[in-house]
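The structure under discussion appears below in the form of structure tokens.
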Amino acid sequence: MFVSLRTQAEMAHTCRGTIPLATAYIEVGDTCHLVLTSGGRSYHLKATSEGECQRWVSALQQAKANSTLMMHHSDDSGDEGPLPQEDRVLTQGVLKTLASKLDDLSTCNELIGKHGAALQRSLSELEELRGSADSTDRVKSVNERATLFRITSNAMINVCRDFLDVAESQSRRWQKTLQYEREQRHHLEETIEQLAKQHNSLERAWKENPTSYTGVERSQEGDASDENEEAEFFDAMEDSPAFITVTASGNIHSGTNHMQLRRTRRSRIPDKPNYSLNLWSIMKNCIGKDLSKIPMPVNFNEPLSMLQRLTEDLEYSELLDRAARCDSTLEQMCLVAAFSVSSYSTTVHRTAKPFNPLLGETYELDRLEEYGYRSISEQVSHHPPAAAHHVTSQRGWTLWQHITIDSKFRGKYISVMPLGNIHLQFHSSGNHYVWSKVTSTVHNIIVGKLWIDQSGDIDIVNNNTKDTCRLKFSPYSYFSREVPRKVTGVIEDREGTARYILSGTWDDKMESAKIVDSSQGCGGSEGKQKTVYQTLQPKLLWKKYPLPDNAENMHFFSSLALTLNEPEEGIAPTDSRLRPDQRLMEAGVWDEANTQKQRLEECQRLERKRREAQANQALEEGQDIEGYQPLWFEKRTDDTTGESTYIYRGGYWEAKDRQDWSQCPEIF
């Protein structure tokens with residue numbers, strides 16, 4: 001048997017039968033017998049003598065302490081900034097470890113007391129029996145108890161050393177966390193001070209000329225040649241989510257006076273109620289059916305519609321802003337690929353089902369001020385459920401998609417397969433990218449904790465340059481040594497030459513590495529040779545934002561998701577924000593939400609029957625009748641792919657400006 005010490009990085013390369021001592025439990029059994037337990041397996045070891053057994057126990061305890069120390073030092077070697085959510089989990093783990101060591105110390109203390117008292121009694125009895133015939137047996141008994149006392153004492157010393165090593169190894173991390181909190185506090189104090197100065201300056205400017213600050217834009221005519229030398233500018237804080245910008249003064253003779261008020265988006269919603277409901281009692285009769293046709297109570301929903309979940313793909317729209325500024329089409333492809341992966345990062349804890357939109361339901365997201373884009377989506381079909389989505393950005397790109405959801409319940413899991421393509425076009429270059437989504441699977445429907453996985457391939461094609469990218473989402477396997485939720489990819493130019501390697505996970509980050517050389521290796525499956533790529537140092541393309549505080553009680557929503565259902569003025573009467581069952585569910589009133597959900601679904605069934613009756617009557621009369629026509633999208637043949645898809649016909653934002661919603665149906 002060999003005992004070796006390795007760092008955490010080396011732990012990734014193990015041989016069969018290797019025992020990670022950092023997580024192993026060492027137990028002393030009978031005389032000359034000890035047990036090592038690690039990863040659900042137990043190794044029974046027997047020494048030739050009691051002394052050798054004690055030396056093995058001491059050596060293993062020392063090796064375990066050193067292994068634990070090296071593991072924590074390896075963890076602390078990185079230079080990444082602290083992440084509050086991860087630090088919290090890590091700190092809880094360390095506290096649990098320290099508590100476990102304290103329990104071990106308490107157990108050793110009790111054993112030392114017990115064996116010490118027994119040893120004291122034996123010594124007293126030995127003193128009384130000095131010179132008698134029973135002295136030999138008593139001496140043997142004293143030796144055995146002394147050995148137990150020595151083993152227990154050594155164990156307590158080793159546990160004390162483990163406790164001290166864990167505490168010392170974490171001191172650096174805790175100091176770094178403390179320093180981070182101090183810097184955050186200092187930054188917050190500076191921000192508050194700057195905000196106070198801006199408030200005073202704005203108040204003073206308003207007092208000097210209150211008529212110029214009305215909160216709306218006003219145009220003033222004057223000499224266009226006059227210079228705006230006396231205008232005061234009050235700059236917004238760089239990191240503030242809500243700020244006031246003033247670009248006016250009382251003495252301006254030309255230009256535009258306005259005060260722009262940027263609204264503060266909400267950062268929390270009511271906590272999710274703790275309602276218990278047996279999912280299996282509802283799902284057991286639905287095996288093999290389309291999930292969209294199963295009547296489900298809101299207990300298994302999240303307070304967002306599928307239209308809002310589609311819009312949530314824009315969480316990392318800054319990746320497309322960066323891609324629009326790229327001169328290299330291959331680097332642009334890297335960022336587009338990272339964007340396609342980033343849309344899954346918000347789903348890692350989101351096992352609840354979004355609301356199925358009603359036919360004609362819409363959802364708008366206007367983020368021109370904050371991020372330069374605005375988005376409109378509409379439910380264009382109910383069976384099968386299909387949605388059309390259109391996004392225009394002032395920062396150089398347009399995105400549109402027509403997604404049909406095909407979902408099946410398989411007994412132990414639910415598969416959701418989005419069908420359709422996503423299109424992205426950059427304004428300056430005209431580069432047109434097309435890709436589709438992978439399959440999402442929710443596991444443990446019958447028993448256990450629900451968890452979600454993404455699997456399949458994404459093929460991204462630049463129809464202008466013919467550059468391609470294939471991303472592989474590896475399905476989770478309990479027996480695999482690979483990183484969970486792993487995503488890998490290769491970007492090839494139009495000649496089929498590999499130019500970039502992509503790697504990462506769909507719930508955390510993606511990196512790209514430029515290929516400088518390639519060669520044929522060996523060891524591929526089915527007799528095929530593997531290609532070995534030599535690359536430059538990888539570069540970070542995308543990193544997931546940390547979840548907001550208390551996210552576990554707010555359906556694990558991201559910062560963007562928390563704002564998607566926030567009430568807004570002037571939206572269409574068909575907007576998802578106005579859906580009553582969804583609104584009641586978000587407020588935590590689930591019984592009333594279920595009542596409203598049943599009412600809306602019954603109204604939709606009646607409306608569908610009415611349309612079917614009209615179609616049958618027209619058919620009998622020999623008249624041509626069109627099926628349901630969406631309001632803001634129309635069906636066309638895509639010039640690039642040749643597919644039949646729904647394209648935005650325009651008019652929504654103009655109708656909003658006029659507040660003319662007379663065309664909208666009453667669906668709620």
Side-chain angles (χ1 to χ4, degrees), residues 78-81 83 85-86 312-348 371-373 391 393 395-399 401 422-426 428-429 431-438 454-462 464-465 467-474 482-493 497-516 518 533-547 558-560:
D79 294 325
E80 294 182 4
L83 297 175
Q85 184 71 15
E86 295 178 4
E312 204 175 341
D313 288 355
L314 302 172
E315 176 99 33
Y316 298 93
S317 63
E318 70 272 10
L319 290 171
L320 301 184
D321 298 341
R322 288 165 53 193
R325 298 191 297 268
C326 278
D327 295 327
S328 167
T329 58
L330 293 172
E331 292 180 0
Q332 188 178 74
M333 175 70 87
C334 290
L335 290 167
V336 173
F339 174 79
S340 70
V341 175
S342 70
S343 62
Y344 298 97
S345 64
T346 61
T347 68
V348 63
Y371 305 113
Y373 70 79
V391 191
S393 173
R395 299 177 183 177
W397 53 269
T398 299
L399 181 145
Q401 57 182 320
I422 303 170
H423 296 256
L424 171 67
Q425 188 166 30
F426 292 100
S428 59
S429 64
N431 286 335
H432 183 178
Y433 294 85
V434 182
W435 70 93
S436 57
K437 290 179 174 285
V438 296
Q454 314 289 349
S455 59
D457 295 339
I458 291 180
D459 291 316
I460 307 175
V461 179
N462 182 340
N464 283 29
T465 64
D467 299 336
T468 62
C469 173
R470 165 158 287 194
L471 294 169
K472 179 177 179 58
F473 287 64
S474 300
E482 291 189 345
V483 177
R485 310 181 185 97
K486 182 179 180 180
V487 180
T488 55
V490 179
I491 293 177
E492 297 180 347
D493 58 22
T497 304
R499 304 295 296 272
Y500 281 88
I501 292 292
L502 303 178
S503 61
T505 58
W506 55 262
D507 67 325
D508 185 24
K509 66 179 180 180
M510 287 296 293
E511 295 178 335
S512 67
K514 188 174 184 179
I515 298 173
V516 295
S518 63
Y533 296 111
Q534 181 181 349
T535 67
L536 300 178
Q537 194 71 15
K539 295 181 179 180
L540 182 67
L541 294 172
W542 158 75
K543 176 74 174 174
K544 180 186 176 183
Y545 301 142
L547 289 175
S558 65
S559 297
L560 174 63

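In what follows, residues are counted from 1 in the order of the sequence shown.
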(message) If the test is side-chain hydrogen bond (donor to acceptor under 3.5 Å, both in side chains), which one of D467, T465, D493 qualifies with T329?
(response) D467
(request) Would you check, one step at a time, whether the test side chain to side chain contact (heavy atoms under 4.5 Å, CB included) holds for D508 with K543? (result) CA-CA 6 Å; D508 185 24; K543 176 74 174 174; 2.9 Å; yes
(message) Holding to side chain to side chain donor-acceptor pair (under 3.5 Å), I want the full list of residues that pass it with Y500, two or more places apart in sequence or in another chain.
(response) none
(request) Test S343 against K437 for side chain to side chain contact (heavy atoms under 4.5 Å, CB included), laying out the working first. (result) CA-CA 10 Å; S343 62; K437 290 179 174 285; 4.1 Å; yes
(message) Holding to side-chain contact (heavy atoms from CB on, under 4.5 Å), I want the full list of residues that pass it with Q537, two or more places apart in sequence or in another chain.
(response) none
(request) From the options V487, V348, T347, select the one residue that forms a side chain to side chain contact (heavy atoms under 4.5 Å, CB included) with Q454. (result) T347
(message) Nearest 0.5 angstrom please: I422 CD1 to S340 OG, how far?
(response) 8.0 Å
(request) Find the distance between CG (L319) and CE (M510) and round it off to the nearest 0.5 Å. (result) 11.0 Å
(request) Quick one: list whatever passes salt bridge (Lys or Arg N to Asp or Glu O under 4.0 Å) with R485, sequence neighbours left out. (result) D507
(request) Start with the C-alpha distance between L335 and L320, add both sets of side-chain angles, then the distance that settles side chain to side chain contact (heavy atoms under 4.5 Å, CB included), and finish with yes or no. (result) CA-CA 7 Å; L335 290 167; L320 301 184; over 6 Å; no
(request) Mind checking side-chain contact (heavy atoms from CB on, under 4.5 Å) for V461 and listing every partner two or more places apart, or none if nothing turns up? (result) N463, T468
(request) Could you pull out all residues at least two apart from N464 that satisfy side chain to side chain donor-acceptor pair (under 3.5 Å)? (result) none
(request) May I ask you to test the V490-I501 pair for a side-chain heavy-atom distance under 4.5 Å? (result) yes
(request) First locate atom CG of L314, then atom CG of L399, and finally report the distance between them rounded to the nearest 0.5 Å. (result) 6.5 Å
(request) Taking the side chain as every heavy atom from C-beta outward, state whether L502 and C334 have any pair of such atoms under 4.5 Å apart. (result) yes
(request) Could I get the full list of side chain to side chain donor-acceptor pair (under 3.5 Å) partners for S559, not counting sequence neighbours? (result) none
(request) With rounding to the nearest 0.5 Å, note down the distance linking NE2 in H423 to CH2 in W435. (result) 9.5 Å
(request) Using the test salt bridge (Lys or Arg N to Asp or Glu O under 4.0 Å), find all partners of R395 that sit at least two apart in sequence or belong to another chain. (result) D321
(request) Please identify each residue that fulfils salt bridge (Lys or Arg N to Asp or Glu O under 4.0 Å) with K544, with sequence neighbours left out. (result) none
(request) Indicate the atoms forming the closest heavy-atom contact of C469 with A337, along with that distance. (result) SG-CB, 4.0 Å
(request) Would you please name every residue forming a side chain to side chain donor-acceptor pair (under 3.5 Å) with E315, sequence neighbours left out? (result) S558
(message) Take a 6.0 Å sphere around OH of Y371 and say whether it holds more than 12 heavy atoms from other residues, nucleotides or ligands.
(response) no
(request) Give a yes or no answer on whether the side chain of Y316 reaches the backbone of Y545 with a donor-acceptor pair at less than 3.5 Å. (result) yes
(message) Can you list everything that forms a ring pair (Phe, Tyr, Trp, His ring centres under 6.0 Å) with F426? Sequence neighbours excluded, please.
(response) Y433
(request) Sort and list the pairs that fulfil ring pair (Phe, Tyr, Trp, His ring centres under 6.0 Å) and have at least one residue in residues 326-346, not counting sequence neighbours. (result) Y344-F473
(message) Return the CZ to CE distance between R499 and M333, rounded to the nearest 0.5 Å.
(response) 12.0 Å
(message) Between Q332 (side chain only) and A323 (backbone N and O only), is there a donor and an acceptor less than 3.5 Å apart?
(response) yes
(request) Identify, with sequence neighbours excluded, every residue that meets salt bridge (Lys or Arg N to Asp or Glu O under 4.0 Å) alongside K472. (result) none
(message) Once rounded to the nearest 0.5 Å, what's the spacing between atom OG of S518 and atom CD of Q534?
(response) 9.5 Å
